[in-house]
Amino acid sequence: MVPTIENDFTIHVGTVNGSGSQSANNVLIRSFLQMGLPVSGKNLFPSNISGMPTWFTIRVNKDGWLGRKKDVDILVAMNEETAAQDVADLRPGAVCISPTELKLHTIRTDVIHYQVPFNELVVATTDNTKLRKLLVNMIYVGVVGQLLDMDFAEIEKAIKRQFAGKDSAIKTNLLALEKGRQWAKQNLVKKDGFVARRLNLTEDKILIDGNSAAAIGCLFGGVSVLTWYPITPSSSICEHLEAYLQKHRKDADGKQTFAVVQAEDEIAAIGMALGAGWAGARSMTATSGPGISLMAEFVGLGYFTEIPVVIFDVQRVGPSTGLPTRTSQGDISFVHQLSHGDTRHIVLLPGTVEECYTMATEAFDIAERFQTPIFVLSDLDLGMNSFMSDPFKFPEKPLDRGKVLNAAELAAAGKFERYRDLDGDGICYRTLPGTESPLAAYFTRGSGHNEKAGYSERPADYRNLMDRLTRKYNTARGVVPAPELHKNEKAKVGIIAFGSSDHAVREARQQLGQAGVETAYLRLRAIPFNDDLARFVEQCDRVYVVEQNRDGQMRDLIALELPELATRLRSVLHYNGLPIHANFISEAIAQKEAAHV
């Protein structure tokens, strides 16, 4: 008898880009969520035109693990071009659902095969040849649903949600769903143990990607100027944000209270955003690695002249064009010190879709409080893939504009020197254009300047300026989001990670614990670091820094911060463009720990 595997599986759907499979996959993932099952979805798609291979992976896990899983449990092989390789990559005992004509059962005999006449079923569903390409996807949803014994009322509900307002599409997709279901019910004999049983683990949960969450956070953060240039994988932040602004940022007369500019390139985009920030607007741009490269000189200007702006970098694989639709954490060092000369930027590191929302909101406060460019560093995995989350909380704090002097305050002070540190925290007072006071004016320059904003090449003035910028950076240590610490009194082994690696690290810690390797965990959420980092490393004999790049960039930054503790640091590096998974981490650490013993 085949053992039952309940609510713990991955479904890997191989199709063709532009075939309409995304709607069917969204229906599947939404159905699992409605059944009360923790779920996530990852889309692997080509960077070129339609017709190329694409894959969508859904993970259902009753324990709430939402990161990528090492092995595929159920393959839906709908793409003739990749089907042979897809089935060859399966582990023994996995399931393969495929069109009958592909004859994939001849490739692997140690895999459970369900062969389905999809072409015959879709021809019987509709006479419209154009629709057949789309509806075949909903037929495989019906087959999968039947094999997993899913609640079809939830699938039907998800279809109605997916095609809301399109009665004809709802009708035809429900028909295709039922076609697949009935054929599977009448013709397939269940040979595997995977089943989906209703639980109650997702009540009030939402399903959202990080870019959409960030766009909502920017809206609540008070952004009023968005300047951008399209680039994968950051474009959807700007697309969603513009839609939100159009809906929510108009006055009683219908006049827009915001500005959105799609610039001619990334250089123009950051230049416009800096100009808007200088003028007093809450401004932002969003890009990825190639765009960051182009922005370097302007970002240095923002740092040196102390202009607030928020920059989202949704990382992808580089260098150069790299792999535009694959994920990476390869911009850490570059972004932190972007520009020539001595430059250190504040970087926020969201690790969940909820933090994409909260840190987007917080970034604007930090930018204005510290009068500097702020980077929010996400990645393609977190930005473009769907994760389950608690509903986002409405912001409770008022906007923090930082040290901005109005006319009355200037009059009371009697004088104004733009770059004088009056409070000892490295942060100076500023004025905004249009302030009705003769004292408010100052000259903004990217060349050497003194405390009065006057041009200066005096060595003492330059050193004073750079030392003050260092004080400001150090002040930020106590303001940026603190690390998240997971203590373990029995552990002498520590793990440090950040960003989207968090999902895999949490699961890997459980795997390591079951193997007898106890670990503590510190998730970094911002640069600069605070004292929590040093205390964590001091308490561990060995610390594994997990990151998704080749060169161990975060480990190097930590070593520079804590040179006396650098010998305790080890690297676990994942850089093939796919999201990191728990087994990669647990196996790497277990192997190194065994060698250490």
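Fair warning: this is a prediction, and the values are worked out from it, not measured in the lab.
- Rounded to the nearest 0.5 Å, atoms CE (Met78) and CH2 (Trp55) are 15.0 Å apart.
- A distance of 11.0 Å separates CD1 of Ile208 from OG1 of Thr352, quoted to the nearest 0.5 Å.
- Here the CZ atom belonging to Phe163 is positioned 7.0 Å from the CD1 atom belonging to Ile159, to the nearest 0.5 angstrom.
- Between Tyr521 and His486, the angle of the ring planes stays under 30°, which puts this pair in the parallel group of the 30/60° scheme.
- Heavy atoms only, all atoms of each residue included: Gly41 and Ile29 are closest at N-CD1, 3.4 Å.
- A distance of 13.5 Å separates CE in Met52 from CZ in Phe45, rounded to the nearest 0.5 Å.
- Arg282 forms no cation-pi arrangement with Phe364, by the criterion of a distance under 6.0 Å to the ring centre and an angle within 45° of the ring axis.
- Ring geometry for His574 versus Phe584: interplanar angle over 60°, hence perpendicular rather than tilted (30 to 60°).
- In terms of heavy atoms, Leu44 sits closest to Leu578 at CD1-CD2, 3.8 Å.
- Distance check: Phe529 CZ to Leu557 CG gives 5.5 Å after rounding to the nearest 0.5 Å.
- Taking both residues in full, the closest heavy atoms of Gly351 and His503 are given as O-NE2, 3.9 Å, listed atom of the first, atom of the second, then distance.
- The two residues Asp381 and Phe387 make their nearest non-hydrogen contact at O-CE1, 3.5 Å.
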